[in-house]
Amino acid sequence: MFHPFIAVGLGLYVLVVANALSGAQTSPAARRWGGLVMLGVLVQVAAGVVNILLSAPGWLQVVHLLLGTGLWIALITFALVVLGPRRVA
Ligand code: HEM
């Protein structure tokens, strides 16, 4: 019952942080992964809303789970790109 509210709240937080950390002054990799994270949040929240509207059919549960896994991979990779050691030369 709480999941949609927590997901929207944390999704907004991730959108703001990813947007702030993938601006024009950052590396191309940070911009690419930051963009993927933001897109992933928007698509996943939309999928969650459709999930509710359609009473969570099996196929959409699988899509929602796959999108969640993809978003997690993008988020971890984005964090590694942003926080990882700078490459010299
Ligand atoms: C970034 C946002 C979100 C993430 C990462 C996320 C992730 C997940 C995950 C991992 C599950 C469990 C799937 C499973 O084990 O089968 C789930 C289930 C569910 N989510 Fe979300 N969710 C998000 C947003 C939303 C929103 C906004 C809604 C509704 C407005 C929603 C509705 C549901 C429902 C109804 C289920 C249970 C049915 C199912 O398994 O598909 N989700 N979500």
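Numbering of residues begins at 1 and proceeds along the displayed sequence. This is a predicted model, so every value here is computed, not measured.
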Should [X] and [Y] be regarded as members of a common hydrophobic cluster, given that ILVMFWY residues are connected when their side-chain heavy atoms come within less than 4.5 Å of each other, either directly or indirectly?
| X | Y | value |
| --- | --- | --- |
| L80 | V82 | yes |
| F2 | V8 | no |
| L10 | M1 | yes |
| V45 | L42 | yes |

Atom pairs and distances, donor-acceptor, side-chain atoms in residues 21-40, under 3.5 Å, two or more places apart:
| from | atom 1 | to | atom 2 | distance (Å) |
| --- | --- | --- | --- | --- |
| S22 | OG | A18 | O | 2.6 |
| T26 | OG1 | G23 | O | 2.6 |
| S27 | OG | A30 | N | 3.1 |
| R31 | NH1 | A24 | O | 3.2 |
| R31 | NH1 | T26 | O | 2.4 |

Under 3.5 Å, which donor-acceptor pairs do the side chains of residues 50-76 form with other protein atoms, sequence neighbours left out?
| from | atom 1 | to | atom 2 | distance (Å) |
| --- | --- | --- | --- | --- |
| Q61 | NE2 | A56 | O | 2.9 |
| H64 | ND1 | Q44 | OE1 | 3.0 |
| T69 | OG1 | L65 | O | 2.9 |

Going from CZ on F78 to CG on L83, what distance comes out if it is rounded to the nearest 0.5 angstrom?
9.0 Å

